[in-house]
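Each remark here refers to the structure printed beneath this line.
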Amino acid sequence: MSLASYIGCNIEIPINDEEYSDELFYIGCCFASEFDLLQVKKHQFTTPLVYEVSSHWGIEISECMNPETCAESKMKLMKLCEVMDSYLGKGDFFELYSCWVGEEAEKRDGEHTLQINNFEIDQIEIPEKTLVRFEK
């Protein structure tokens with residue numbers, strides 16, 4: 001099984017080609033199927049558009065993680081917020097949800113709302129099955 005991360009938003013954003021797999025992350029399919037995308041959209045997001053945020057592992061930030069993987073997730077999240085900030089208008093938002101592939105319809109464990117440019121990365125925890133809304 002693989003940990004996948006998904007974003008939901010109200011605007012179309014460009015999908016990266018899989019050739020960008022050397023990047024910190026890319027927006028496009030990696031682990032999830034179309035069915036998985038539909039399930040996360042139906043059960044987790046409030047937005048009409050859903051994308052997988054891919055690399056070799058999803059975004060998860062928690063104390064119980066391997067420190068190296070957690071640090072990589074923090075870098076991915078900061079880059080994701082930077083990218084999404086360039087697409088979103090004032091007052092808009094995007095949602096982030098990470099779970100094991102196949103668990104997209106399961107009950108979420110938590111929810112948070114953060115400002116896209118105003119949070120302390122070392123002070124937050126985003127374990128799997130947690131919906132995070134990033135507002136601009």
What heavy-atom pair brings [X] and [Y] nearest, and what distance separates the two atoms?
{"X": "C9", "Y": "T47", "value": "N-OG1, 3.1 Å"}
{"X": "F134", "Y": "L77", "value": "CZ-CD1, 3.6 Å"}
{"X": "I126", "Y": "V132", "value": "CG2-CG2, 3.7 Å"}
{"X": "A105", "Y": "Q39", "value": "CB-OE1, 3.3 Å"}
{"X": "E52", "Y": "Y6", "value": "CA-CD2, 4.1 Å"}

Please check this pair: side chain of [X] against backbone of [Y], looking for a donor-acceptor N/O pair closer than 3.5 Å.
{"X": "S73", "Y": "E60", "answer": "yes"}
{"X": "D36", "Y": "S33", "answer": "yes"}
{"X": "K136", "Y": "D85", "answer": "yes"}

Contact check, side chains of [X] and [Y], non-hydrogen atoms, under 4.5 Å:
{"X": "L114", "Y": "R133", "result": "no"}
{"X": "L96", "Y": "S5", "result": "yes"}
{"X": "F94", "Y": "L80", "result": "yes"}
{"X": "K129", "Y": "K107", "result": "no"}
{"X": "F93", "Y": "N10", "result": "yes"}
{"X": "F119", "Y": "M78", "result": "yes"}
{"X": "L131", "Y": "E95", "result": "yes"}
{"X": "M84", "Y": "S86", "result": "no"}

task = For a side-chain contact (heavy atoms from CB on, under 4.5 Å) with V50, tell me which candidate from E104, K41, Q44 qualifies.
result = K41
Spell out, yes or no, whether [X] and [Y] are grouped together once hydrophobic residues are joined by side-chain heavy atoms under 4.5 Å, including indirect joins.
{"X": "L49", "Y": "L88", "value": "yes"}
{"X": "V83", "Y": "V53", "value": "yes"}
{"X": "I116", "Y": "I11", "value": "yes"}

Just verifying a value: how many Å separate [X] [atom1] and [Y] [atom2], rounded to the nearest 0.5 Å?
{"X": "E103", "Y": "H43", "atom1": "CD", "atom2": "NE2", "value": "13.0 Å"}
{"X": "T113", "Y": "Q115", "atom1": "OG1", "atom2": "CD", "value": "8.5 Å"}
{"X": "K79", "Y": "I59", "atom1": "NZ", "atom2": "CD1", "value": "12.5 Å"}
{"X": "S98", "Y": "E128", "atom1": "OG", "atom2": "CD", "value": "9.0 Å"}
{"X": "Y51", "Y": "I15", "atom1": "OH", "atom2": "CD1", "value": "5.5 Å"}
{"X": "I61", "Y": "K76", "atom1": "CD1", "atom2": "NZ", "value": "10.0 Å"}

key: Sidechain N-carboxylate O distance under 4.0 Å for E72, K74   = no
key: E68 atom CD: more than 12 heavy-atom contacts under 6.0 Å   = no
query = Can you tell me if CG on D122 sees more than 12 non-hydrogen neighbours from other groups inside 6.0 Å?
reply =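 Enclosed.
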message = Does the plane of the ring in Y97 sit parallel, tilted or perpendicular to the ring in F45? Use 30° and 60° as the thresholds.
response =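 Perpendicular.
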request  = Show your reasoning for whether side chain to side chain contact (heavy atoms under 4.5 Å, CB included) applies to T130 and E111.
outcome  = CA-CA 5 Å; T130 300; E111 254 181 85; 5.9 Å; no
